[in-house]
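Working notes, structure below.
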Amino acid sequence: MKTDLKIAPSLLSADFGNLERDLAKVNRSDADWLHLDIMDGVFVPNISFGFPVLKYVAKLSEKPLDVHLMIVQPEKFIHEVKDLGAMMMNVHYEACVHLHRVVQQIKSAGMKAGVTLNPATPVSVLEDIIGDVDMVLLMSVNPGFGGQKFIEHTIDKVRALRQLISRTGSEALIEVDGGVNLETGARLAEAGADVLVTGSTVFKAPDFGEMVRLLKQGH
């Protein structure tokens, strides 16, 4: 079991009527990052929140920001994401016609570059870019909505991605988002995941901090 498993609570599951309170919970916990999902209603069938809200969140968050853009033409917003103080900018393989260029632009802006794969996109498409990215985010649900059921095939994808990373000498981290709870989280960590994005599992838990600790321990 990984001893350095990272946990990234997803803001999408926070109570936006009590956002300051929920961000304080994240700050007090052993969570490693704060995961921010930006949706445009075009690339995914939902709209989440925009940069005015994110600027407020960035001011309150004491955790590194892991920004996941579920939008078309994400390269248009590289500087806005950078201005938030984001550590990681995640773009979808399916949304980038010139993925290598976008990855280089993200890095040139001073951020780490992540590439996200939808459930139906095979790991093999990353063969020629894996050495250039800092992280790969595997969606274990179809992107756009929280609270969906975990897609079992993701376990095999994590193993396949771990093999690709090992074979190529890449230093990319493996992140998984969707349906992560204590049971699926433990299995994902065992398969080789480095970072778990979790929403309702932590935000709806009676004790936020304790749930984060349990997830990190792989229980």
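Computation of the quantities below employed the complete heavy-atom set of this structure, encompassing side-chain atoms and omitting hydrogens, waters and symmetry-equivalent molecules.
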Could you tabulate the donor-acceptor pairs under 3.5 Å formed by side-chain atoms of residues 63-71, not counting sequence neighbours?
residue: Lys63; atom: NZ; partner: Ser29; partner atom: O; Å: 2.9
residue: Lys63; atom: NZ; partner: Ala31; partner atom: O; Å: 2.8
residue: Asp66; atom: OD1; partner: Asn90; partner atom: ND2; Å: 3.1
residue: Asp66; atom: OD2; partner: His35; partner atom: ND1; Å: 2.7
residue: His68; atom: ND1; partner: Asp37; partner atom: OD1; Å: 2.9
residue: His68; atom: NE2; partner: His92; partner atom: NE2; Å: 2.9

Using a 4.5 Å cut-off on heavy atoms from C-beta on, say whether the side chain of [Y] contacts that of [X].
| X | Y | answer |
| --- | --- | --- |
| Val141 | Phe150 | no |
| Leu19 | Leu11 | yes |
| Val26 | Phe208 | yes |
| Leu161 | Leu126 | yes |
| Phe203 | Lys25 | no |
| Val115 | Leu137 | no |
| Met111 | Ile78 | yes |
| Val91 | Ile106 | yes |

Taking [Y]'s backbone N and O only, do any of them form a donor-acceptor pair with [X]'s side chain (distance below 3.5 Å, no angle check)?
| X | Y | result |
| --- | --- | --- |
| Ser140 | Gly179 | no |
| Ser166 | Arg162 | yes |
| Ser13 | Ser200 | yes |
| Asn27 | Glu62 | yes |
| Asn118 | Ala120 | no |
| Ser170 | Ile130 | yes |
| Ser61 | Ala58 | no |
| Lys157 | Thr121 | yes |

| request: Determine the sole option in Val197, Thr201, Leu188, Val202 for which the side chain to side chain contact (heavy atoms under 4.5 Å, CB included) test with Val180 is passed. | output: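 Only one of Val197, Thr201, Leu188, Val202 forms a side chain to side chain contact (heavy atoms under 4.5 Å, CB included) with Val180, namely Leu188.
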
| message | Please determine whether side-chain contact (heavy atoms from CB on, under 4.5 Å) holds for the pair Ile174 and Met135, giving the CA-CA distance in whole Å, both sets of side-chain angles, and the decisive distance to 0.1 Å. | response | CA-CA 6 Å; Ile174 300 175; Met135 188 168 74; over 6 Å; no

Under a 4.5 Å side-chain heavy-atom rule over Ile, Leu, Val, Met, Phe, Trp and Tyr, are [X] and [Y] clustered together?
| X | Y | result |
| --- | --- | --- |
| Trp33 | Val81 | no |
| Phe51 | Met87 | no |
| Val158 | Leu173 | no |
| Val176 | Val123 | yes |
| Leu196 | Leu214 | yes |

As an exercise, state the distance from [atom1] of [X] to [atom2] of [Y], rounded to the nearest 0.5 Å.
| X | Y | atom1 | atom2 | result |
| --- | --- | --- | --- | --- |
| Lys59 | Leu54 | NZ | CG | 12.5 Å |
| Lys55 | Leu60 | NZ | CG | 14.5 Å |
| Gln105 | Met89 | CD | CE | 9.0 Å |
| Leu23 | Leu34 | CG | CG | 6.5 Å |
| Leu215 | Asn181 | CG | CG | 8.0 Å |
| Leu84 | Leu36 | CG | CG | 7.5 Å |

| message | If you count every heavy atom of other residues, nucleotides or ligands that lies below 6.0 Å from Asp15 atom CG, does the total exceed 12? | response |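 More than 12 within 6.0 Å, yes.
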
| Just wondering, more than 12 heavy atoms not from Glu210 lying within 6.0 Å of its CD? |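 Enclosed.
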
| said: For Asp32, is there an ion pair with Lys216 - N to carboxylate O distance below 4.0 angstrom? | reply: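 Looking at Asp32 together with Lys216, the answer is yes, because their closest N to O distance falls below 4.0 Å.
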
| query | Is Glu152 paired with Arg187 through a side-chain N to carboxylate O contact shorter than 4.0 Å? | reply |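 Looking at Arg187 and Glu152, the cut-off is met.
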
| task | State, to 0.1 Å, how close Glu127 and Leu164 come at their nearest heavy-atom pair, and which atoms those are. | result |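 Minimum heavy-atom contact is OE1-CD1, 3.6 Å.
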
| Minimum heavy-atom separation for Val212 to Asp30, with atom names? |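 Reported closest heavy-atom pair: CG1-C, 3.8 Å.
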
| said: Can you see whether Gln104 engages Lys107 through a side-chain donor-acceptor pair at a distance of less than 3.5 angstrom? | reply: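 Their side chains do not contain a donor-acceptor pair, so the 3.5 Å distance test is not met.
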
